[in-house]
There are 2 protein chains.
Amino acid sequence: MVHRRADVVSRALDVLDRYGLADLTMRRLAAELSVQPSALYHHVPDKQTLLGLVADELLVRGARPLPGVDAPWDERVLATCAGLRESVLAYRDGAELVATVSAFGLGAHAPYDALVDALDTSGLPASLVPTAARTLLHFTYGHAVEEQTHLQAGSAGAIADGPREGSDFLAGLTLVVDGIRLRVGERSLSER
Amino acid sequence: MVHRRADVVSRALDVLDRYGLADLTMRRLAAELSVQPSALYHHVPDKQTLLGLVADELLVRGARPLPGVDAPWDERVLATCAGLRESVLAYRDGAELVATVSAFGLGAHAPYDALVDALDTSGLPASLVPTAARTLLHFTYGHAVEEQTHLQAGSAGAIADGPREGSDFLAGLTLVVDGIRLRVGERSLSER
DNA sequence: ACCTGAACACCGTTCAAGT
DNA sequence: ACCTGAACACCGTTCAAGT
């Protein structure tokens, strides 16, 4: 059976969703493709790179139409973070995968770029835009990883824990970066 | 050579700092203690638990005197987050270890408890205190992991990247949780 | 171009047995 | 109580060789 890189990546995403990140091994993936483990290295240089590609594929599949560039900046920011959260929660261990890949710079650059793009029209000084974008990603990933950990623990019965409010995501979140208020969800931005 | 659990944990922390999280293996640690890998299971049920103990030991060693309970709540919050950041940055891969352990509920409960404690005196409605505490931890861990990734990449020469501003941590950060402003560094807290 | 087969250098964990 | 020795069931990756 002959495969291409895209087959390997989409099959890997499938394995991730069905068995989890810990079971997404090169050997498991190879077996799933009815191929020897070594054959994977014809399509991908190493596992690290593969995970980056899987994260990007996950994000592409979860992508929804975002507000246009003419929309208010805070709507764009909120839609980007909320969409990101929805995308990573849609796949088993998706939050951990994307957060890891992002931290190591192996992929998942699109959300950062989208945030920078939206923040560029916010009136926030350009020098603070990267910090603000990273702060929003920190919160979004951190929150999503925790949500997913508890959601999955609940369904697997691994951790016995109280129920979880799931709807507080970015609810009225305001970040102030160096004295600049950056409110998400209400479009206010005031200095000092 | 006879060991106790404390010896295993502190040696593990030593291996973490010298060789990194990826090289903190049961076999490596055993070799470091001049013992067979199986001997470790006399002191610790599994690796997961060990990592939790190592994270807690790291936090204990990095602990500094915090403002007392009579101090302003925002000073206490800021000191907790800043101290947490300092502690995890002081050990190689410390941020990743503590963040992971914390996400999986295997340890590192002290910072969360300290934040809840401080926020209890902030005037924030009690029902929002857990969310606020988790939000602050998300930001602190996310920021620290990213700082450390880039710091270590720079010193190892693995990733070539621009220089990094290191002093923007919690600088004027305000979080608004459900309409309640929670400003850190200036002790304001206003509703709506 | 795509894959096999075999090997290398590792993992975490278990368990009977020793002192 | 603390540890050894040996095994089990895995890893990621390389590389010569096949079609």
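In what follows, chains are A, B, ... by sequence order, proteins preceding strands, each numbered from 1. We use all heavy atoms of the structure for the numbers below, so side chains are in, but hydrogens, waters and symmetry mates are not.
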Student: Rounding to an integer number of angstrom, what distance separates C:dC3 and D:dA16 when you compare their C1' atoms?
Tutor: 13 Å

Student: Could you check how far CG of B:L33 sits from C1' of D:dC2, rounded to whole Å?
Tutor: 13 Å

Student: Output the single nucleotide from D:dT4, C:dC3, D:dT13 whose closest atom is nearest the side chain of A:D46.
Tutor: D:dT13

Student: Pairs in or reaching into residues 40-66 of chain B: which pass side-chain hydrogen bond (donor to acceptor under 3.5 Å, both in side chains), with residues at least two apart or in two chains?
Tutor: B:D46-B:T49, B:E57-B:R61, B:R64-B:E86

Student: So what is the 5' to 3' dot-bracket string for DNA chain C, if pairs are Watson-Crick or G-U wobble with both distances under 3.5 Å, crossing pairs use [ ] and | means the partner sits on another strand?
Tutor: ||.|||||...|||||.||

Student: What's the closest nucleotide to the A:M26 side chain, out of D:dG12, D:dC3, C:dG12?
Tutor: D:dG12

Student: Give me the residues of residues 48-58 of chain B where at least one heavy atom lies under 4.0 Å from an atom of DNA chain D, by number, or none.
Tutor: none

Student: List the steps, then state whether side-chain contact (heavy atoms from CB on, under 4.5 Å) holds for A:T80 with A:T140.
Tutor: CA-CA 10 Å; A:T80 300; A:T140 304; over 6 Å; no

Student: Which pairs with one or both residues in residues 87-98 of chain A pass side-chain hydrogen bond (donor to acceptor under 3.5 Å, both in side chains), sequence neighbours excluded?
Tutor: A:D93-A:Q152

Student: Please tell me which of the listed nucleotides, C:dC3, D:dT4, C:dG12, lies nearest to the side chain of B:K47?
Tutor: C:dG12

Student: What is the separation between atom NE2 on B:H43 and atom P on D:dA1, rounded to the nearest whole Å?
Tutor: 12 Å

Student: Given the rule in the side-chain contact (heavy atoms from CB on, under 4.5 Å) test, do B:L137 and B:C81 qualify, once you have shown the distances and angles that lead to the verdict?
Tutor: CA-CA 7 Å; B:L137 285 181; B:C81 291; 5.8 Å; no

Student: When you compare the protein's N or O atoms with those of nucleotides 14-17 of chain D, which come within less than 3.5 Å of each other, and at what distance?
Tutor:
none

Student: Could you state the CG-C1' distance from A:L29 to D:dC10, rounded to the nearest angstrom?
Tutor: 16 Å

Student: With side chains defined as the heavy atoms from C-beta onward, is the minimum distance between B:Y19 and B:L24 less than 4.5 Å?
Tutor: no

Student: For atom P, what is the distance between C:dA9 and D:dA9, given to the nearest Å?
Tutor: 23 Å

Student: What residues form a side chain to side chain contact (heavy atoms under 4.5 Å, CB included) with B:A95, not counting sequence neighbours?
Tutor: B:V88, B:A144, B:V145, B:Q148

Student: Return yes if some donor-acceptor pair links the side-chain N/O of A:D17 with the main-chain N/O of A:D14 below 3.5 Å, else return no.
Tutor: no

Student: I need the A:R134 CZ to B:H143 NE2 distance, nearest 0.5 Å.
Tutor: 6.0 Å

Student: Hey, is the side chain of A:H42 poking within less than 4.0 Å of OP1 or OP2 on C:dT4, counting only N and O atoms?
Tutor: no

Student: Testing B:L51, B:L29, B:L21 for side chain to side chain contact (heavy atoms under 4.5 Å, CB included) with B:L16, which one passes?
Tutor: B:L21

Student: From CG of B:L24 over to C1' of C:dC11, roughly how many Å is that when rounded to an integer?
Tutor: 13 Å

Student: Could you grab the distance from atom CG of A:L53 to atom CG of A:L13, nearest 0.5 Å is fine?
Tutor: 11.5 Å

Student: The side chain of A:R27 lies closest to which of these nucleotides: C:dG12, C:dC2, D:dC11?
Tutor: D:dC11

Student: If I take atom CD in residue B:Q36 and atom C1' in nucleotide D:dC8, what distance separates them, rounded to the nearest angstrom?
Tutor: 16 Å

Student: So, using side chain to side chain contact (heavy atoms under 4.5 Å, CB included) as the criterion, who are the partners of A:A71 when residues are at least two apart?
Tutor: A:P67, A:E75, A:R76

Student: Filter on side-chain hydrogen bond (donor to acceptor under 3.5 Å, both in side chains), then keep only pairs touching residues 105-120 of chain B, sequence neighbours left out; what's left?
Tutor: none

Student: Please list, chain by chain and in numerical order, all residues satisfying side chain to side chain contact (heavy atoms under 4.5 Å, CB included) with B:A55, sequence neighbours excluded.
Tutor: B:L97, B:V98, B:V101

Student: Can you tell me how far C1' of C:dC2 sits from CG of A:D7, to the nearest Å?
Tutor: 12 Å

Student: Heavy atoms within less than 4.0 Å of DNA chain C: which residues of residues 8-19 of chain A have one? Give them sorted by number.
Tutor: none

Student: Determine which pairs satisfy salt bridge (Lys or Arg N to Asp or Glu O under 4.0 Å) with at least one residue from residues 23-45 of chain B, sequence neighbours left out, and list them in order.
Tutor: B:R18-B:E32, B:R28-B:E32

Student: Between atom CG in B:L40 and atom P in D:dC2, what is the gap in whole Å?
Tutor: 13 Å

Student: Which atom pair, heavy atoms only, marks the closest approach of A:A133 to A:L119?
Tutor: N-CD1, 3.7 Å

Student: Does a side-chain N or O from B:H3 land closer than 4.0 Å to OP1 or OP2 of D:dC3, or not?
Tutor: yes

